[in-house]
Amino acid sequence: MKLYEYQAKKIFNDNNIPVPNGAICCTEKEASDAFAHIGRGHKVILKSQVLTGGRGKSGGIRRAKSTAETVEGFKELMSSDIKGLPVSKVLVEEKVEIRNEYYVGITIDPTFYKPILLLSSRGGMEVEIIARESPSALAQYIVNPRYGIPSHEILRLIRVVGISDELSPRLIAIIKKLYNVFVNFDATLTEVNPLVESSDGMLIAVDARLNIDNNALFKHPELEEFKNDIVDHRETYLRGEGVDFVYVGGNVGLICAGAGMTMATMDLVNAMGGKPACFCDVSAGINPESMELALRTVSSLDGVQSILINMFGGLTRMDEVASSFLAAWQNMGGIFLPIVVRLEGTNVEEGRRIMRENGFEMFTNLYDAVQKAVDLVG
């Protein structure tokens, strides 16, 4: 279960991890009151609350220095959508004067099946970009759950990435508290990006991510109020358009026909070393419109590096599937992601011909198609 930023920050604050003073707003009056309480004549940041990253690049963050600007920014955000997600809440919080930005994250290492601590002196960037472009600025430590994270190991990482020793005591304390949140809430990810050193030398989590293992939610009745507030609006909207969609977070986007086929494809992606990004079943009505909705949604998901289209149909004709896909593709102007296509069923040869003539490599064997999609993941 992904938490909204404001929910994660509440938990961080309850566990003595410093966060900016802020208020969650659903109405213009609440936004106005938030500025009066928080701004006090200074600037505030308005942040759309959606379950996706990259809000800044997608227009989901505003700055304001007056009540009027705060209300106007609130209205703009509430009438927008971020990567297909409508905004229903806005977090208004004080603007922190930044001296330095750092990255701290704890997640599960897929190789060792243990927690892994990631620390970087380059906050504000996606950790994948840091690893690719500035590997020396990123350090990691595989955690032994029996012992937790020793202070001397955190200090070692601090020095490896070149963070000032002056910050070590405060940074060590915050990382230990972040790990306690990770353990106590059965998290799969706790992340602060960026963790900011303010102009007065404070370390503040100006952003926060917290993902909880769904299988452990029964242990956390205190999260029930959060659970009731978390709705992936994409699921509701797409279902109304004939597309069954559930975001699960991964690197291989899936568009399939049939719930059983979709789940089987997800299992194969996992078995072959990839991570499915979503359950996306378009079998309720394949046409250019529903295919375009599916393509736009799946291609915009965080972390997706390849898309696998797996269609099998008896009543559904594969030439119609191919034609619908191409119409959607052309209307979108293409997708800058590799796409793997497997068609099987009625009129399949005509469907494959249409796809091949438009430059798409076709697969007849599902295992080969899944392996190709996984291999394309960098």
Side-chain angles (χ1 to χ4, degrees), residues 50-52 54 58-60 79-88 231-248 250 252-263 265-266 276-363 369 373:
V50 287
L51 298 176
T52 186
S58 303
S79 63
S80 68
D81 64 77
I82 309 300
K83 295 184 178 180
L85 296 175
V87 178
S88 60
V231 177
D232 189 334
H233 294 277
R234 286 174 298 203
E235 296 182 17
T236 304
Y237 173 70
L238 289 171
R239 188 171 297 114
E241 300 296 322
V243 178
D244 284 327
F245 174 87
V246 178
Y247 177 61
V248 297
V252 179
L254 301 179
I255 300 176
C256 304
M261 176 62 74
T262 307
M263 289 187 288
T265 307
M266 293 173 72
C278 59
F279 173 104
C280 186
D281 172 18
V282 296
S283 62
I286 297 176
N287 53 59
E289 291 75 24
S290 63
M291 187 64 76
E292 182 176 343
L293 279 172
L295 282 169
R296 286 190 184 278
T297 301
V298 174
S299 63
S300 70
L301 298 177
D302 288 341
V304 168
Q305 299 177 48
S306 69
I307 296 176
L308 171 60
I309 297 176
N310 179 27
M311 299 287 172
F312 178 90
L315 297 177
T316 302
R317 291 170 42 171
M318 291 301 108
D319 56 333
E320 293 180 354
V321 170
S323 297
S324 293
F325 169 80
L326 287 173
W329 168 271
Q330 291 164 1
N331 193 49
M332 293 173 62
I335 298 173
F336 298 105
L337 284 172
I339 294 180
V340 177
V341 182
R342 182 250 182 178
L343 301 181
E344 191 62 67
T346 304
N347 281 20
V348 68
E349 292 303 327
E350 178 63 13
R352 291 172 182 167
R353 182 192 65 77
I354 293 171
M355 296 299 289
R356 288 194 188 100
E357 287 183 355
N358 285 272
F360 291 94
E361 182 182 4
M362 294 301 305
F363 289 82

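Under the 3.5 Å distance criterion, the side-chain polar atoms of S306 are matched with a main-chain donor or acceptor of A373. A donor-acceptor pair is defined here as one N or O able to donate and one able to accept, closer than 3.5 Å; such a pair exists between the side chain of R352 and the backbone of L343.
Listed by chain and number, the residues in a side-chain contact (heavy atoms from CB on, under 4.5 Å) with E320 are R317 (sequence neighbours excluded). Listed by chain and residue number, R353 satisfy the salt bridge (charged side-chain N to carboxylate O under 4.0 Å, His left out) test with E350 (two or more places apart in sequence, or in another chain).
Rounding to the nearest 0.5 angstrom, the gap separating the CE atom in M362 from the CZ atom in R342 is 9.5 Å. With rounding to the nearest 0.5 Å, the separation of SG in C256 from CG in D244 is 12.0 Å. Note: M318 CE to S324 OG = 10.5 Å, rounded to the nearest 0.5 Å. Note that CD1 of I309 is 10.0 Å distant from CG of L254, once rounded to the nearest 0.5 Å. How far CG of N347 is from CG of D319: 4.5 Å, rounded to the nearest 0.5 Å. In this structure, the separation between CZ on R356 and CD on E361 is 9.5 Å, given to the nearest 0.5 Å.
The shortest distance between side-chain heavy atoms of S299 and I307 falls below 4.5 Å.
Of all heavy-atom pairs spanning A369 and V340, the tightest one is O-CG1, 3.5 Å. Across T297 and L293, no two heavy atoms sit closer than the pair OG1-O, 2.8 Å. Of all the heavy atoms in V304 and G253, the pair that sits closest is CG1-N, 3.9 Å.
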Residues 325-336 side chain polar contacts: donor-acceptor under 3.5 Å, at least two apart:
residue: N331; atom: ND2; partner: E292; partner atom: OE1; Å: 2.7
residue: N331; atom: ND2; partner: E292; partner atom: OE2; Å: 3.0

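Residues N310 and T265 bring a donor and an acceptor atom of their side chains to less than 3.5 Å of each other.
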